[in-house]
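Contents: one structure, followed by commentary.
Remember, predicted model here, so these are calculated numbers, not experimental data. Numbers for residues simply follow the sequence, beginning at 1.
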Amino acid sequence: MKQYNVGVIGATGMVGQRFVTLLENHPWFHLAAVAASARSAGKTYEEAVGGRWLMQTPMPEEAKKLVVLDASHVEEVAAQVDFVFCAVNMKKEEIKALEEAYAKAECPVVSNNSAHRFTPDVPMVVPEINADHIEIIPAQRKRLGTKRGFIAVKSNCSLQSYVPALHPLRGYGITDVLVCTYQAISGAGKTFETFPDILDNVIPYIGGEEEKSEQEPLKLWGKIEGDRIVSADAPRFTAQCLRVPVSDGHMGAVFVRFQNKPSQEDILKAWKEFHGPAQDLQLPSAPKQFLHYFEENDRPQTKLDRMLENGMAVSIGRLRPDNQYDYKFVCLSHNTLRGAAGGGVLLAELLAAKGYFD
């Protein structure tokens with residue numbers, strides 16, 4: 001695989017910082033540009049971030065001396081890279097306009113943002129689940145009037161815990177899903193130092209999260225029809241999303257009902273044997289085993305299991321019958337790795353492997 005020069009838009013924020021760390025020593029991608037708001041532009045990345053480096057690993061040396069570009073200077077940034085990752089903190093309409101501007105400048109965008117997730121010709125992809133949705137890109141390019149430029153997005157971070165666990169079970173006709181998510185503070189771009197209200201506390205509301213948790217799985221399980229992706233009309237989802245005092249890691253408590261109820265052995269076998277295009281293509285960031293089931297009653301645990309396979313695997317446990325639904329279980333994923341920047345890098349690897357950056 002050839003090397004691609006990559007930019008990170010929104011590089012000074014928490015997810016942007018995670019992208020920067022993941023690009024260090026990446027075999028296919030070289031960090032060539034960082035961009036942020038006008039107030040950071042002109043400073044070195046090290047100066048712009050200052051004491052706000054939120055990662056547990058040190059800032060990569062190759063990133064420190066990069067001069068931060070103004071993200072609104074689209075042509076200047078696009079001229080230096082083959083594609084960009086986007087993780088900006090702006091209003092939805094501003095994000096949509098910015099990402100389309102990069103795409104129209106013939107610079108592909110792999111976005112962590114939610115703004116374009118329901119744009120009909122923008123693929124929202126978890127590479128193990130719906131890699132075929134990237135085939136909509138030619139239709140999007142036709143709409144945008146581009147040859148290389150396009151936008152591809154990853155899904156919401158909370159979905160990454162429970163949708164991968166449900167996906168291999170779809171052959172049994174999933175009809176209803178109830179999920180309660182227990183979401184880490186890094187999902188809000190916070191640390192314990194910057195979010196003292198969360199200490200000794202649980203907050204039973206995350207703006208927009210329940211709607212995303214109920215609607216986005218149906219787009220992931222949808223299909224391309226002409227020049228758009230049409231969402232699936234089943235199963236029915238209902239969700240409650242809570243913010244809990246955990247640094248990283250989103251947990252989901254899942255209740256599921258089937259048209260053709262499988263046995264517990266069937267479910268465990270489906271989880272153990274499941275693999276997707278990310279594994280088949282041996283993408284650099286892909287976990288070798290995507291779904292891990294723990295037999296212990298007290299696993300998965302956020303602190304113990306969120307970094308499984310470099311934070312890119314999904315942990316499952318406590319599968320058991322339910323007296324209202326058919327089964328219930330618990331699952332866990334790392335929200336800024338699999339759920340955010342890591343999922344974005346994996347999507348970019350899929351796009352690179354399939355030649356969409358060429």
Side-chain angles (χ1 to χ4, degrees), residues 92 95-96 99-100 103 108-144 150-179 181 208-239 241 252 254 256-260 270 274-281 290-291 314 331 333 338-340 343-344 346-348 350-351 354 356:
K92 185 173 181 178
I95 295 171
K96 289 180 91 166
E99 292 181 345
E100 283 212 358
V109 178
V110 178
S111 180
N112 184 69
N113 302 301
S114 65
H116 273 293
R117 286 185 193 150
F118 280 93
T119 302
D121 57 10
V122 170
M124 179 177 71
V125 177
V126 177
E128 287 87 352
I129 291 174
N130 64 329
D132 60 309
H133 281 198
I134 63 175
E135 294 166 17
I136 196 70
I137 287 172
Q140 185 195 141
R141 283 174 168 158
K142 187 175 179 182
R143 173 178 65 85
L144 294 173
F150 64 87
I151 302 162
V153 302
K154 50 153 291 299
S155 67
N156 186 261
C157 52
S158 64
L159 276 66
Q160 306 286 345
S161 58
Y162 60 90
V163 171
L166 292 168
H167 184 69
L169 310 179
R170 291 182 70 217
Y172 297 104
I174 300 170
T175 59
D176 299 276
V177 179
L178 183 155
V179 60
T181 63
E209 203 76 0
E210 287 161 3
E211 294 83 353
K212 294 172 187 173
S213 299
E214 293 171 356
Q215 295 165 12
E216 288 188 21
L218 298 176
K219 182 169 181 181
L220 289 174
W221 288 334
K223 60 182 184 294
I224 296 173
E225 292 185 6
D227 61 358
R228 61 198 292 115
I229 296 166
V230 177
S231 294
D233 53 14
R236 291 170 295 198
F237 276 87
T238 185
C241 300
V254 182
V256 59
R257 190 177 289 128
F258 296 93
Q259 206 164 6
N260 304 301
F274 180 70
H275 57 92
Q279 286 71 40
D280 299 339
L281 293 167
F290 184 28
L291 307 177
V314 173
C331 32
S333 64
R338 167 56 73 165
L346 188 64
L347 171 53
L350 173 69
L351 291 162
K354 295 292 187 178
Y356 282 90

### Task
Would you indicate whether K96, at its atom NZ, is surrounded by more than 12 heavy atoms from other residues, nucleotides or ligands within a distance under 6.0 Å?
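Count over threshold, so yes.
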
### Message
Would you say that more than 12 heavy atoms from the other residues, nucleotides or ligands in this model lie under 6.0 Å from the CG of N260, or not?
### Response
yes

Measure the spacing between [atom1] of [X] and [atom2] of [Y] and express it to the nearest 0.5 Å.
X	Y	atom1	atom2	result
I151	E100	CD1	CD	5.0 Å
L166	L220	CG	CG	11.5 Å
F150	I134	CZ	CD1	8.0 Å
I95	S114	CD1	OG	6.5 Å

### Query
Hey, does the side chain of K219 reach the backbone of M124 with a donor-acceptor pair shorter than 3.5 angstrom?
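Such a contact is absent between K219 side chain and M124 backbone.
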
Taking all heavy atoms of [X] and all of [Y], pick out the closest pair and write down the distance.
X	Y	result
P168	L291	CG-CD1, 3.8 Å
P123	I137	CG-CG1, 4.1 Å
V109	A103	CG2-N, 4.2 Å
A165	C331	CB-SG, 4.5 Å

Using the side chain to side chain contact (heavy atoms under 4.5 Å, CB included) criterion, which residues pair with [X]? Sequence neighbours excluded.
X	answer
C157	E209, H250, N335
E214	F237, T238, A239
D176	R236, R257, Y325
I224	E135, I136, I229

### Query
Partners of K223 by salt bridge (Lys or Arg N to Asp or Glu O under 4.0 Å), sequence neighbours excluded?
E225

### Query
What pairs with D227 under salt bridge (Lys or Arg N to Asp or Glu O under 4.0 Å), at least two apart in sequence or on another chain?
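Partners of D227 by the salt bridge (Lys or Arg N to Asp or Glu O under 4.0 Å) criterion come out as none, since no residue qualifies.
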
Is there side-chain contact between [X] and [Y], with at least one heavy-atom pair below 4.5 Å?
X	Y	answer
Q160	V314	no
P108	L351	no
K154	N112	yes
P235	L218	yes
V163	V126	no

### Query
What pairs with F274 under ring-ring contact (aromatic ring centres under 6.0 Å, His included), at least two apart in sequence or on another chain?
H167

Can you sort out the partners of [X] under side-chain hydrogen bond (donor to acceptor under 3.5 Å, both in side chains), two or more places apart, ordered by chain and number?
X	answer
T119	H116
Q140	none
N113	E99, S111
S158	N156, S213

### Message
Under the criterion side chain to side chain contact (heavy atoms under 4.5 Å, CB included), I'd like the reasoning laid out for L169 against V256: C-alpha separation, chi angles, the key distance, then a yes or no.
### Response
CA-CA 10 Å; L169 310 179; V256 59; 5.6 Å; no

### Query
Can you pull the salt bridge (Lys or Arg N to Asp or Glu O under 4.0 Å) pairs that have at least one residue in residues 121-134, sequence neighbours excluded?
D121-R143, E128-R338

### Query
Under the side chain to side chain contact (heavy atoms under 4.5 Å, CB included) criterion, do D280 and H275 qualify, and how do the steps go?
CA-CA 7 Å; D280 299 339; H275 57 92; 2.8 Å; yes

### N130 vs W221, side chain to side chain contact (heavy atoms under 4.5 Å, CB included): CA-CA, chis, key distance, verdict
CA-CA 7 Å; N130 64 329; W221 288 334; over 6 Å; no

